[in-house]
Amino acid sequence: MTAPRRWRFAMVCSSNMNRSMEAHAVLGRAALDVESYGTGSQVKLPGPSMHEPNVYDFGTPYGGIYDDLRRKDPDLYKRNGLLPMLKRNISVKLAPQRWQDNAGDGVFDMILTFEERVFDLVVEDMNNREQRLLKSVLIINMDVKDNHEEAAIGAKLALDLCHKLEAVAGDWEEIIDDLIAAFEKQHKRKLTYYISFY
């Protein structure tokens with residue numbers, strides 16, 4: 001009997017800070033092959049007011065962002081969960097990465113996004129890439145609110161979905177409708193999916 005095929009997963013949210021990083025951490029602890037990204041033009045984190053966000057370039061190390069926020073207002077950023085979130089991120093990888101700049105990172109089997117706008121940007125980016133390999137990639141969206149509690153729930157659901165996909169024997173394209181429908185029924189979450197190609 002052959003072992004199940006290993007999938008390569010990408011977790012994608014807007015800033016590669018909360019939802020995608022929580023999922024990256026959870027899938028990584030489960031020994032899955034996972035990377036994470038954001039689709040925004042810059043990394044945006046809450047600031048002292050809605051009109052004063054903290055903005056960083058993709059590639060700015062999580063440790064540098066942590067030090068910057070701790071210097072600005074350690075009580076505020078500890079209370080709102082940003083400092084603990086950044087500590088988690090530091091333990092997962094060096095810095096937030098932008099999806100649109102990731103072509104050199106290789107091929108993924110499944111890309112999971114956590115909001116519809118991000119899903120649309122990933123689909124658009126994949127459709128704009130030159131399709132040389134004709135290897136299919138499954139792009140799934142599961143809406144998850146951008147807060148720490150929902151990110152934790154979303155990461156557990158992402159892990160379950162990834163395990164279900166890796167357990168598929170044969171072509172996933174033939175059973176994906178049934179797999180998605182069963183997942184939606186079990187978890188009471190609506191998923192959207194699209195198949196693109198590398």
ILVMFWY cluster, Trp99 and Val107 together (side-chain gap under 4.5 Å): yes

Same apolar cluster: Ile139 and Leu133, side chain cutoff 4.5 Å: yes

ILVMFWY cluster, Met21 and Met85 together (side-chain gap under 4.5 Å): yes

Side chain to side chain contact (heavy atoms under 4.5 Å, CB included) evaluation trace for Asp57 with Gln42: CA-CA 5 Å; Asp57 290 329; Gln42 292 179 303; 3.3 Å; yes

Side chain proximity check, Ile65 to Leu82, heavy atoms < 4.5 angstrom: no

Atom NZ of Lys135 with >12 non-hydrogen neighbours under 6.0 angstrom: yes

For Arg19, the option from Glu115, Glu150, His148 that meets side-chain hydrogen bond (donor to acceptor under 3.5 Å, both in side chains): Glu115

Phe58 side, atom CZ; Ser15 side, atom OG - distance, nearest 0.5 Å: 5.5 Å

Pi-cation contact, Tyr37 with Lys93 (under 6.0 Å, within 45°): yes

Note, Leu27 side chain near Cys162 side chain (heavy atom, < 4.5 Å): yes

Test: Lys190 and Asp143 ion pair at under 4.0 Å: no

hydrophobic_cluster_shared for Leu165 and Val137, side chain cutoff 4.5 Å: no

Heavy atoms of other groups near Glu116 CD, more than 12 under 6.0 Å: no

Salt bridge present between Arg71 and Asp68 (N-O < 4.0 angstrom): yes

Mutual orientation of the aromatic rings belonging to Trp7 and Phe9 [parallel < 30°, tilted 30-60°, perpendicular > 60°]: parallel

Intermediate values then yes/no, side chain to side chain contact (heavy atoms under 4.5 Å, CB included), Arg88 and Tyr62: CA-CA 9 Å; Arg88 176 211 54 216; Tyr62 291 116; over 6 Å; no

Trace of the salt bridge (charged side-chain N to carboxylate O under 4.0 Å, His left out) decision for Asp67 with Arg70: CA-CA 5 Å; Asp67 291 342; Arg70 196 175 60 185; 3.5 Å; yes

Cluster check Leu191, Leu179: I/L/V/M/F/W/Y, side chain < 4.5 angstrom: yes

Check against side chain to side chain contact (heavy atoms under 4.5 Å, CB included), Ser196 and Asn127: CA-CA 7 Å; Ser196 188; Asn127 287 340; 3.5 Å; yes

NZ/NE/NH1/NH2 to OD/OE distance under 4.0 Å, Lys164 and Asp160: yes

Enclosure of Lys72 NZ (heavy-atom neighbours >12, cutoff 6.0 Å): yes

